[in-house]
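Residue numbers run from 1 in the order of the sequence given.
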Amino acid sequence: MCIRDRYMGNLLKNKVMGKFLKPGRIVVVLNGRFAGRKGIIVKNYDEGTKERRFGHCLVVGINRYPRKVTKRMNQKKIDKRTRVKPFIRYINYNHLMPTRYQVTGDLDFKNIVPEEKLGKPEERAEVRKSLSVYLKDRYRNLPAAKGPNDKSTHTRFFFKKLRF
């Protein structure tokens with residue numbers, strides 16, 4: 001072991017990794033049925049729970065993204081194309097990739113996604129429907145982007161399909 005390794009070892013012992021997977025962070029799901037889909041962290045469990053003994057978080061995301069709308073389309077077609085199909089899922093930290101985007105006040109899911117209702121399938125479907133209405137409304141009322149540093153671009157990123 002050389003002197004540089006000892007020095008770097010002492011530096012690394014004193015450093016604590018910062019937490020960046022916080023509520024409001026936009027993430028990309030890497031594994032499973034929703035792989036490649038974007039989501040927003042609603043609540044995180046760093047130490048795990050009794051059912052899931054690993055670090056995970058509750059993620060709300062978009063399974064089917066809204067499609068492009070033009071001026072020539074009538075209202076019925078616009079309604080159909082701006083539908084959003086959401087998903088609600090507990091996902092392991094290893095299966096998430098955080099992005100640089102974070103939505104703070106724009107999208108608040110605390111009241112819409114209560115954890116008590118996620119146990120039964122009927123209640124979960126009800127929450128998903130209310131979430132779909134909420135996301136559709138937020139997508140339709142997106143403010144125009146003022147510049148590259150505008151916070152509304154973070155919300156716009158969430159509603160756009162990931163191209164890869």
Side-chain angles (χ1 to χ4, degrees), residues 19-45 49 51-52 55-164:
K19 293 191 184 351
F20 50 87
L21 289 171
K22 295 178 183 175
R25 173 73 60 189
I26 296 178
V27 294
V28 177
V29 181
L30 300 176
N31 288 22
R33 181 169 41 170
F34 302 110
R37 304 287 197 271
K38 294 177 194 169
I40 297 176
I41 296 176
V42 177
K43 188 170 183 186
N44 51 350
Y45 303 90
T49 59
E51 299 88 34
R52 297 172 183 86
H56 62 281
C57 54
L58 179 63
V59 176
V60 168
I62 299 178
N63 190 13
R64 191 182 311 125
Y65 291 91
R67 295 163 71 191
K68 187 178 177 183
V69 175
T70 61
K71 284 184 180 179
R72 300 179 75 182
M73 293 180 186
N74 60 12
Q75 192 59 41
K76 186 178 176 184
K77 193 162 196 170
I78 290 172
D79 287 345
K80 211 169 192 179
R81 286 181 151 252
T82 55
R83 284 187 190 152
V84 177
K85 184 178 180 185
F87 69 86
I88 308 162
R89 197 80 169 197
Y90 288 102
I91 302 178
N92 190 334
Y93 283 152
N94 296 336
H95 306 311
L96 295 175
M97 182 177 73
T99 62
R100 65 181 177 171
Y101 299 101
Q102 189 165 2
V103 290
T104 49
D106 295 347
L107 298 168
D108 185 38
F109 299 113
K110 295 263 183 205
N111 303 330
I112 299 168
V113 186
E115 289 186 66
E116 305 84 45
K117 291 194 173 186
L118 297 180
K120 296 179 183 169
E122 304 88 27
E123 292 177 344
R124 196 180 189 106
E126 186 182 307
V127 170
R128 205 177 304 119
K129 283 179 187 173
S130 64
L131 188 62
S132 177
V133 170
Y134 177 74
L135 287 174
K136 184 177 180 180
D137 182 50
R138 295 302 300 166
Y139 176 70
R140 285 195 174 168
N141 298 324
L142 273 176
K146 295 175 183 101
N149 297 332
D150 187 26
K151 290 291 183 186
S152 67
T153 55
H154 295 241
T155 311
R156 285 185 185 288
F157 172 76
F158 175 65
F159 283 111
K160 259 191 188 162
K161 188 174 183 179
L162 189 65
R163 297 285 180 186
F164 61 95

Is Arg64 atom CZ crowded by more than 12 heavy atoms from other residues, nucleotides or ligands, each under 6.0 Å away?
-> no
Looking only at heavy atoms, the pair that brings Asn92 and Gly55 closest together is OD1-O, 3.2 Å
Closest heavy-atom contact between Cys57 and Asn44?
->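 Distance-wise, the nearest heavy atoms are CB-CA, 3.7 Å.
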From [X] [atom1] over to [Y] [atom2], what is the distance, rounded to the nearest 0.5 angstrom?
| X | Y | atom1 | atom2 | result |
| --- | --- | --- | --- | --- |
| Ile62 | Lys85 | CD1 | NZ | 13.0 Å |
| Arg138 | Thr155 | CZ | OG1 | 7.0 Å |
| Leu96 | Asn31 | CG | CG | 9.5 Å |
| Arg83 | Arg67 | CZ | CZ | 11.0 Å |

Output every pair passing side chain to side chain donor-acceptor pair (under 3.5 Å) with a member in residues 68-80, not counting sequence neighbours, ordered by first then second residue.
-> Gln75-Asp79, Asp79-Arg140
Contact check, side chains of Ile41 and Leu58, non-hydrogen atoms, under 4.5 Å = no
Start with the C-alpha distance between Thr99 and Val27, add both sets of side-chain angles, then the distance that settles side-chain contact (heavy atoms from CB on, under 4.5 Å), and finish with yes or no.
-> CA-CA 5 Å; Thr99 62; Val27 294; 5.9 Å; no
Contacts of Tyr93 that satisfy side chain to side chain donor-acceptor pair (under 3.5 Å) - sequence neighbours left out = Asp46
What pairs of residues pass the salt bridge (Lys or Arg N to Asp or Glu O under 4.0 Å) test when at least one of them lies in residues 32-44, not counting sequence neighbours?
-> Lys43-Glu115
Kindly state each residue pair satisfying salt bridge (Lys or Arg N to Asp or Glu O under 4.0 Å) with at least one member in residues 124-133, sequence neighbours excluded.
->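 Salt bridge (Lys or Arg N to Asp or Glu O under 4.0 Å) check on residues 124-133 returns Lys117-Glu126.
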Validation: residues 156-164 side-chain donor-acceptor distances under 3.5 Å, sequence neighbours left out:
residue : atom : partner : partner atom : Å
Arg156  : NH2  : Pro143  : O            : 2.4

If the plane angle is over 60° it's perpendicular, under 30° parallel, otherwise tilted; pick one for Phe87 and Phe34.
-> parallel
Give the ring-plane orientation class for Tyr90 versus Tyr45, where under 30° counts as parallel, over 60° as perpendicular and anything between as tilted.
->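 Tilted.
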Considering residues at least two apart in sequence or located in another chain, which fulfil the side chain to side chain contact (heavy atoms under 4.5 Å, CB included) criterion with Leu131?
->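 Applying side chain to side chain contact (heavy atoms under 4.5 Å, CB included) to Leu131 gives Val60, Pro86, Ile88, Phe109, Ile112, Val113, Leu135.
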Counting distance only, does the side-chain N/O of Asp137 pair as donor-acceptor with the main-chain N or O of Val133 below 3.5 Å?
-> no
Would you check if the side chain of Thr82 reaches a backbone N or O of Pro66 as a donor-acceptor pair within less than 3.5 Å?
-> no
